[in-house]
Amino acid sequence: MEFELSRPSPHPIPSIDFRALLNNEQYAAVTAAPGPLLVLAGAGSGKTRTLTYRVAYLLSQGVKPGEILLLTFTNKAAKEMLHRVHELTGIEPARFWGGTFHSLGNRALRMYGDAIGLPRNFTILDADESESLLKQTVEATNKLFFKDKTNPRPGPLFSVLSLARNTQLPLADTVAKNFPQYTEIAHLLPDFANAYAKAKREQKVVDYDDLLELWLKLLTDSPDIARYFAQRFRHVLVDEYQDTNTIQAQIVDQLSSHHCVMAVGDDAQCIYSWRGADFENIMSFPDRHPGTVIHRIEVNYRSTPEILAFANGVLNAQPKGRHFDKELRAARARSIKPYVVQTMDDREQAEFILKRIHSLVSDDGVSPNEIAILYRSHFLALEIQLALSRAGIPYVITSGVKFFERQHVRDLIALIRFVYNPSDSQAWQRIAVLLPKVGEKGAQKIHAAALDHARLMQRNFLDTLATDDVKSKVAKDAKPEWENFCASLSQVGDAMSNQKPSDVVTVAIDGWYGDYLKGAYADYNDRLEELKALVGFAGRFEEMQDLLAQIVLLNGETSEREVDPNTEAIKLTTIHQAKGLEFDVVFLIGAADGQLPTRRSIEAGDVEEERRLFYVAVTRAKNELYISYPRVATRAGPGGMLLQQSRFLQELPDDLYEELRIKRSYGW
């Protein structure tokens, strides 16, 4: 298929020696004849470079900037690519349609939204405004819904509706698969969704998801406009295609009905199903686009041959027929194999990593900035954070905040602190304001009333909370759950008087706060796992005062040691947040069944996305890779729980890695 040349550009394109600037695989993809193209770009293979040079090549062939549509997942990615195109060709970025799906959806709807009944002067709600409008419509439909604290609050409820919209799955299926804690109220959600949609139409507003839904509606319901876009964009290029959700894939299909589409991605790095990404989009691309030519870019410039051999082993263990075959090939010289380390528990795992980091930095001259510790879930990093803090080693968590600073962790600790010391007004304030319609002043009034009553009646402070005198100070909306709130505090108090700190933490999690957590966060299950990590931490202590003192001291140490942006620091991050990054040395912790893959994925019988996460983690390493797992999960409390090495390790030939055996004197 030949390129159909346009009129000569008023700005001649400088001559670019594509053959000299690209490797064979990149060159083949960049200069491929127009048509449906699927570029499978392995980790570290130069995906962005390939897309950038593809745009430059199209321009060199006479394609006009306005005829190229570049779809990305971040504005930063689009800006970087088009900036590089500008450097190569002199063509200004503003002359392209390039950006995120949402930004270009907004642009299309501003031009032609009236064709589907959307006025061009529509306004876009931000996240807070969307949740506020949803709250109003739900309360108008079911005024008691938010009174039940186990029901999702507006934020989590919006997350449920949003995921269903982006995956185009029924709400009942979305709840069953992703939000099982809301199963009992799933039947109410369609009415809420309809009321919310009606309110947006009446107010002539759209939310973030509408920018995709309505763009697709425009393309499917208005044939003339769909033809205009299909004819205007002679070349559609999509970055990170494996991350597309159902609506985004359909938009690409509609825009590329002429088949001049290049989708660039890697099926082995599809790890975002929890936010709507559909693995089937990239797998079925050749079926939806007959005549697709597949290009593989497999030369990896990042990692050593030994790390890539390990990564290829992970890919080879995938079920047959459920992935595209690929084999990463190294451009670098040989080095050392990855190391697999079994430790006795989380604390020994942290001790090993600490000593190895010291050796890497002091003896080998590795910059702390080039050392990363990766993990599947936040709770797995607790011991590492404690060890680094105690050792005075600067670290940065790039995927959130430090464990003891996470909101739900601070809530639970405040509840326990208050029961231990009812005079602790700051702890009381933190938990009391979690009740409906109880603000700071209301919390202070309740506390003062309980204190007066306790003194007058010479009773235990906690016992006075449930009395009518104190309850009369409680906001009307909070009264339905006041009894459960008080009972839970009493249960924690009883446990505190005759049980170990780890048991107290368990009682606190199982009580009122556990119910609150269910309604407050869409990622309830993940946060619950993190709270359970406190059980293991508390198992170190015999006295509650020692546990609470240690938490405060740790918080003080980590908060006071704010890392200067210019200071070299170890990076701690979840695997999800590490995608696209690279480091000289990577420590992957928690490589045990139940941790990676997670217990929930094992129970569901679907661990393939977890395997892809494992692959993403190991391909972040450039020079050295350490994969460790504890034999005992101390977070399960005293005695712990025995763990097995991750099945992703067990599947690999043992000649792909070296085992490091730790002597109990911490030698290896």
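- Residue pairs satisfying the side-chain hydrogen bond (donor to acceptor under 3.5 Å, both in side chains) criterion with at least one member in residues 487-497, sequence neighbours excluded, are absent.
- The closest donor-acceptor contact from the side chain of Trp482 to the backbone of Leu465 lies under 3.5 Å.
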- Task: Test Arg356 against Glu624 for salt bridge (charged side-chain N to carboxylate O under 4.0 Å, His left out), laying out the working first.
- Result: CA-CA 11 Å; Arg356 186 69 194 111; Glu624 295 184 38; 3.5 Å; yes
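- Of the options Asn151, Val175, Leu157, a side-chain contact (heavy atoms from CB on, under 4.5 Å) to Ile185 is made by Asn151 and by none of the others.
- In this structure, a donor-acceptor pair under 3.5 Å is absent between the side chains of Asn245 and Asp278.
- Salt bridge absent: Arg153 and Glu131 never bring a charged side-chain N and a carboxylate O closer than 4.0 Å.
- Environment of CD in Glu659: crowded, with over 12 heavy atoms of neighbouring residues, nucleotides or ligands closer than 6.0 Å.
- When only modelled atom types and interatomic distance are considered, Tyr629 and Gln342 share a side-chain donor-acceptor pair under 3.5 Å.
- For Glu542, the CD atom counts as loosely surrounded, since its 6.0 Å shell holds 12 or fewer non-hydrogen atoms of other residues, nucleotides or ligands.
- Ring centroids of Phe541 and Phe537 are separated by less than 6.0 Å, placing the two rings close together.
- Taking 4.0 Å as the cut-off between side-chain N and carboxylate O, Glu608 and Arg611 count as a salt-bridged pair.
- No hydrogens or angles considered: a donor-acceptor pair under 3.5 Å links the side chains of Ser367 and Glu568.
- Between Asp526 and Arg600 there is a salt bridge, since at least one side-chain N of the basic residue sits less than 4.0 Å from a carboxylate O of the acidic one.
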- Task: Could you please spell out the steps behind the salt bridge (charged side-chain N to carboxylate O under 4.0 Å, His left out) verdict for Asp267 and Arg322?
- Result: CA-CA 10 Å; Asp267 57 297; Arg322 293 296 301 135; over 6 Å; no
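- Atom CZ of residue Arg410 and atom CG of residue Leu415 lie 14.5 Å apart, to the nearest 0.5 angstrom.
- Arg430 and Asp411 are joined by a salt bridge, as a carboxylate oxygen and a charged side-chain nitrogen come within less than 4.0 angstrom of each other.
- Side-chain contact check for Thr598 and Ser601: at least one donor-acceptor pair (N or O, by modelled atom type) lies under 3.5 Å.
- Proximity of a side-chain donor or acceptor of Gln242 to a complementary backbone N or O of Phe279 within less than 3.5 Å is not detected.
- Across every non-hydrogen atom of Ala311 and Thr619, the tightest pair is CB-CG2, 3.7 Å.
- No close placement of the Tyr521 and Tyr524 rings is indicated, their centers lying 6.0 Å or farther apart.
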- Passes salt bridge (charged side-chain N to carboxylate O under 4.0 Å, His left out), Arg376 versus Glu610? Steps please. CA-CA 9 Å; Arg376 172 64 179 89; Glu610 298 289 304; 2.9 Å; yes
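- The CG atom of Leu534 lies 7.0 Å from the CG atom of Leu382; values are rounded to the nearest 0.5 Å.
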- Take Arg620 and Glu582 through the test salt bridge (charged side-chain N to carboxylate O under 4.0 Å, His left out) and record every step on the way to the result. CA-CA 5 Å; Arg620 300 309 95 199; Glu582 59 182 35; over 6 Å; no
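- Using a distance-only test at 3.5 Å, with no hydrogens or angles considered, a donor-acceptor pair links the side chain of Ser303 to the main chain of Ala621.
- Using the six-membered ring where Trp is involved, Trp512 and Phe485 have ring planes that are perpendicular, over 60° apart on the 30 and 60° scheme.
- Among pairs with a residue in residues 586-607, those fulfilling ring pair (Phe, Tyr, Trp, His ring centres under 6.0 Å) read Phe587-Tyr626, at least two apart in sequence or across chains.
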- Steps toward side-chain hydrogen bond (donor to acceptor under 3.5 Å, both in side chains) verdict (Asn281, Thr244): CA-CA 7 Å; Asn281 290 342; Thr244 54; 3.1 Å; yes
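- Ser335 and Thr304 are not linked by any side-chain donor-acceptor pair at a separation below 3.5 angstrom, with hydrogens and angles left out of the test.
- Checked by atom type and distance alone, the side chain of Asn166 never pairs as donor or acceptor with a backbone atom of Gly276 at under 3.5 Å.
- Side-chain rings of His576 and Tyr272 approach one another, their centers coming within less than 6.0 Å.
- In summary, Lys571 and Glu370 do not engage in a salt bridge, as defined by a charged side-chain N under 4.0 Å from a carboxylate O.
- The residues Glu603 and Arg599 are annotated as salt-bridged, a charged nitrogen and a carboxylate oxygen being separated by less than 4.0 angstrom.
- In this structure, Glu483 places its CD atom where only 12 or fewer heavy-atom neighbours from other residues, nucleotides or ligands lie under 6.0 Å away.
- Using a cut-off of 4.0 Å between Lys/Arg side-chain N and Asp/Glu carboxylate O, Glu240 and Lys579 are scored as salt-bridged.
- Between Glu481 and Lys147 there is no salt bridge, since no side-chain N of the basic residue sits under 4.0 Å from a carboxylate O of the acidic one.
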